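Some notes on the structure that comes next.
Each chain gets a letter, A, B and so on, in the order the sequences are listed, and its residues count up from 1. All values reported here derive from a predicted model rather than from experimental measurement.
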2 protein chains.
Amino acid sequence: MRYGSAEIVPPDRRATIKEVAEAAGVSRSTASRALTGNGYVAEGVRLRVRQAASDLGYVVDAMARSLKQQSTRSIGVLVSDLRNEFYANLAAGASRQATRLGYTTMLIDDQGIPDDEVAAAEAFVALRVAGVVATPVSAAATKFLLRQRIPVVEVDRRFSDGECDAVVIDNRGSARAVTRHLIEQGHRRIALLIDEDDWTTGRERREGYVDALEAGGLPHDGDLVVPTGWDVEAARDAALELLRSPDRPTAIFAANNVLAEGAWRAAAELGLSMPDELSLAAFDDAPWMSMVTPGVTAVAQDASAMGRAAVQTLLERIADPGAGTKTVVLSASVKLRGSTVTAVPRDVRVG
Amino acid sequence: MRYGSAEIVPPDRRATIKEVAEAAGVSRSTASRALTGNGYVAEGVRLRVRQAASDLGYVVDAMARSLKQQSTRSIGVLVSDLRNEFYANLAAGASRQATRLGYTTMLIDDQGIPDDEVAAAEAFVALRVAGVVATPVSAAATKFLLRQRIPVVEVDRRFSDGECDAVVIDNRGSARAVTRHLIEQGHRRIALLIDEDDWTTGRERREGYVDALEAGGLPHDGDLVVPTGWDVEAARDAALELLRSPDRPTAIFAANNVLAEGAWRAAAELGLSMPDELSLAAFDDAPWMSMVTPGVTAVAQDASAMGRAAVQTLLERIADPGAGTKTVVLSASVKLRGSTVTAVPRDVRVG
DNA sequence: ATATATTGTGGGATCGATACCACAACTCGT
DNA sequence: ACGAGTTGTGGTATCGATCCCACAATATAT
């Protein structure tokens, strides 16, 4: 872009609406109306202002705007670990939906650390976000946000039941369905590999597992519920110990994809062939589960859809702050694969 | 929290510094100094103000602050597809580093769409971010941001060479190393599965591939460079066709993890055993590559470290806008696995 | 005792955009 | 020709926090 022979150099200060107004020969009020479309402006003037704005490379200052308007078009998204694809997909779904609906997203990864979660909540308040979508790791952040009158939607798990909206899947029902499937395959000793009991996810998955055992008339053997750490190594170690014991289970139900990876590695290490020597089922489908041989039976949750639904719910709440809280329960499907069956039937849908 | 017998209800308006000042019996100026720590405040007064702020649940309005200060403590992160774990890890690394250094992150997923990328850039300008980290899909967004005097760090690939900082890995060298490895395994017909040539990533990986062929005295057969779409399906189809041809290659080098998945599925479908009937190597290590049997040889880039380095570079640039642009080249390692070798040696480091 | 630092506080302008209100110019019906 | 309505524009206060500057009060030096 050249004017005469001189290269255009951008000014060192950004243009303000005042400069746009002067360039167009109108007042700031008129310029504002021309650019935002709120209020009367003659067509010719509107064009002149638009042209001046574009010439000057004017971009509205969202700070000044939202300071005046006392509201922002941005939402906060708080997830526990972006490197875990479940959260990444959730964030992607939320972010895209927000963009689609004209909101910008402030994303914070709190690494599952409660203190960081509260710090993130404070940052969101400082930024005056219109609302927050969070996968909570404690009740503190949500409480803090709600006290500040900022709408919150809890996703995946609940810490503030009834106090805010939520988007979850039917953990209990899905866990029950998978466990029932294992029972139907003839298994009598089915272990549950689980990392926590404090979150609704862990608790409900465990309840579903117990439900199915009871419905199937199987004893609920406490030794078969194996608590473990949250990472692959811990899960692998726990699974190794479990599978080396004399009365080892014939099937393992891993409560999430990380634990499933640990179990898978343990089984591979011990040379146990699936599904005959050991069956494995997981909560949370992950790409590798359909890449390995045999594939791993898993409950597939659409994390991206959860993110979308959460943003949707949040914006409805923003539009109507007075409405009663609601919980959206999304369905999940069980992907049957070679780790539990020899002839693989088509997907089963639950929830 | 109860006072007397009445439940405390939060006020419907958020507290401002003026209210904090009044509660503490000081002026707004003093309250500001007490809270920010800029300027003189008597110790007793500081405590009184802090207490008042905490009682009122005061949280600073970042909008008002940055409007006055004409600067923000937030950066923009622009990635192409959060569902792709490469970008997710990159974003996680960037986000965490930013948080660590006292910045908040605005994350946008532009889905690899140039128009969305430019829209995202405009949103960043409106929000007056201090800088932007981006995996560019065209030159437009970066140019726009630079014209607005907003520092940009391009990550993974370059569109604005020399005009801004960048963080990349040694694509050419890594591709050369992998291809050389395949040649050393005795392969003479090595196909390159690649989805694009317009980005520095694709171009350099291809150059590295060609380098190695030439160095190994092999003919550079154009038919062995297979262009394909960017998704798994397209890659699988291309690989299927390639592997069904009468003079099929004995090795495939997939230019990224998505294409590798397509190739893997194609090989599985055709029942080709690895590494004897077919060898497969990939650029971009993904979790499934170490879960499957045999494992897939791959160039492992530390996406999280790239994100960290990008934020680091960005903040240095913000601190010293006048310095010459720099390009940070991170190293990558080649993970040798069963898809190319029978006895698996330890990792080879390149770059 | 007076001059000079030091310590501490408040007043008021400022950042950029918006939106209410007043008002001007013009159209139209009677 | 006059009042009522429509169309269009500008002046000004405002959002919340910061920070420069003036200035008061006290401490220290000469």
Side-chain angles (χ1 to χ4, degrees), chain A residues 11-50 52-53 56-74 122 125-130 148-149, chain B residues 11-50 52-53 56-74 122 125-130 148-149:
Chain A
D12 39 336
R13 264 177 34 79
R14 246 181 297 267
T16 68
I17 199 170
K18 191 179 163 195
E19 283 147 19
V20 172
E22 280 165 6
V26 297
S27 72
R28 277 152 44 239
S29 312
T30 305
S32 172
R33 283 194 307 268
L35 294 173
T36 60
N38 296 344
Y40 284 118
V41 196
E43 192 52 27
V45 175
R46 158 176 283 115
L47 292 177
R48 235 168 54 229
V49 173
R50 290 263 164 90
L56 293 171
Y58 172 78
V59 177
V60 69
D61 186 328
M63 305 290 155
R65 171 179 285 175
S66 48
L67 176 60
K68 170 66 180 157
Q69 299 191 143
Q70 292 293 303
S71 71
T72 62
R73 294 282 283 178
S74 64
E122 279 173 7
V125 174
L127 291 164
R128 302 294 192 253
V129 295
Q148 294 281 340
R149 294 278 156 108
Chain B
D12 40 335
R13 265 177 33 79
R14 245 183 297 267
T16 69
I17 199 169
K18 191 179 162 197
E19 284 148 19
V20 172
E22 280 165 6
V26 296
S27 71
R28 276 150 46 240
S29 312
T30 305
S32 172
R33 284 194 304 267
L35 295 173
T36 61
N38 296 342
Y40 285 119
V41 195
E43 193 51 29
V45 175
R46 156 175 286 114
L47 292 177
R48 234 167 56 228
V49 173
R50 290 264 164 89
L56 293 171
Y58 171 78
V59 178
V60 70
D61 186 328
M63 306 288 156
R65 169 179 286 176
S66 48
L67 176 61
K68 170 64 181 161
Q69 297 190 147
Q70 293 293 298
S71 71
T72 61
R73 295 280 285 179
S74 65
E122 279 172 6
V125 174
L127 290 163
R128 302 293 192 255
V129 294
Q148 295 279 342
R149 294 278 157 108

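The distance between atom CD1 of A/I17 and atom P of D/dC15, rounded to the nearest whole Å, is 19 Å. Taking atom CD on B/E22 and atom P on D/dG16, their separation rounds to 13 Å, with Å as the unit. Distance B/M63 CE to C/dT18 C1': 16 Å, rounded to the nearest Å. Whole-Å rounding puts the B/K68 NZ to C/dG16 P distance at 10 Å. When rounded to the nearest whole Å, the span between CG of A/L67 and P of C/dT14 equals 17 Å. The nearest whole Å value for the distance from the CG atom in A/L47 to the P atom in D/dG8 is 13 Å. Atom CZ in B/R14 sits about 13 Å away from atom C1' in D/dC15, given to the nearest Å. Going from atom CG of A/L35 over to atom P of C/dG16 covers 16 Å, rounded to whole Å.
In the set C/dT9, D/dT18, C/dG10, the nucleotide with an atom closest to the side chain of B/V41 is C/dT9. Picking from D/dC15, C/dT18, C/dT9 the nucleotide with the shortest atom distance to the side chain of B/R33 gives C/dT9. Set against D/dA17, C/dT9, D/dT14, the side chain of B/A42 has C/dT9 as its closest nucleotide. When each of C/dT9, D/dA17, D/dG11 is scored by its nearest atom to the side-chain atoms of B/T30, the top-ranked nucleotide is C/dT9. The B/Y40 side chain lies nearest to C/dG8 when the options are D/dA17, C/dG8, C/dA17. Nearest nucleotide to the B/Q69 side chain, out of C/dA13, D/dC19, C/dG16: D/dC19.
To the nearest 0.5 Å, the span separating OG on B/S27 from CD on B/E22 amounts to 11.0 Å. The CG atom of B/D61 sits 4.0 Å away from the CZ atom of A/R128 when rounded to the nearest 0.5 Å.
Closest non-hydrogen pair, B/R65 versus B/T36, comes out as NH2-CG2, 3.7 Å. Summarising the geometry of B/Y58 relative to B/L35, their closest heavy-atom pair is CE2-CD1, 3.6 Å, with the distance given to 0.1 Å. Of all heavy-atom pairs between B/V20 and B/A52, the closest is O-CB, 3.9 Å. The shortest heavy-atom contact between B/R14 and A/Q148 is NH1-O, 2.8 Å.
Among the atoms of the strands shown, only primed sugar atoms or phosphate atoms (P, OP1, OP2) are found under 4.0 Å from some heavy atom of A/T36.
For D/dT18, neither phosphate oxygen OP1 nor OP2 lies less than 4.0 angstrom from any side-chain nitrogen or oxygen of B/N38. Contact between the side-chain N/O atoms of B/S32 and the OP1/OP2 oxygens of D/dA17 is not found at any separation under 4.0 Å. Residue A/Q70 places none of its side-chain N or O atoms closer than 4.0 Å to OP1 or OP2 of D/dT14.
Within 3.5 Å, no donor on the side chain of B/T16 pairs with an acceptor on the base of D/dG16, nor the reverse.
Both B/R28 and A/R65 lie near DNA chain C, and the one whose nearest nucleotide falls closer to the 5' end is B/R28. When each of A/S29 and A/E43 is assigned the nucleotide of DNA chain D bearing its nearest heavy atom, the one mapping closer to the 5' terminus is A/E43.
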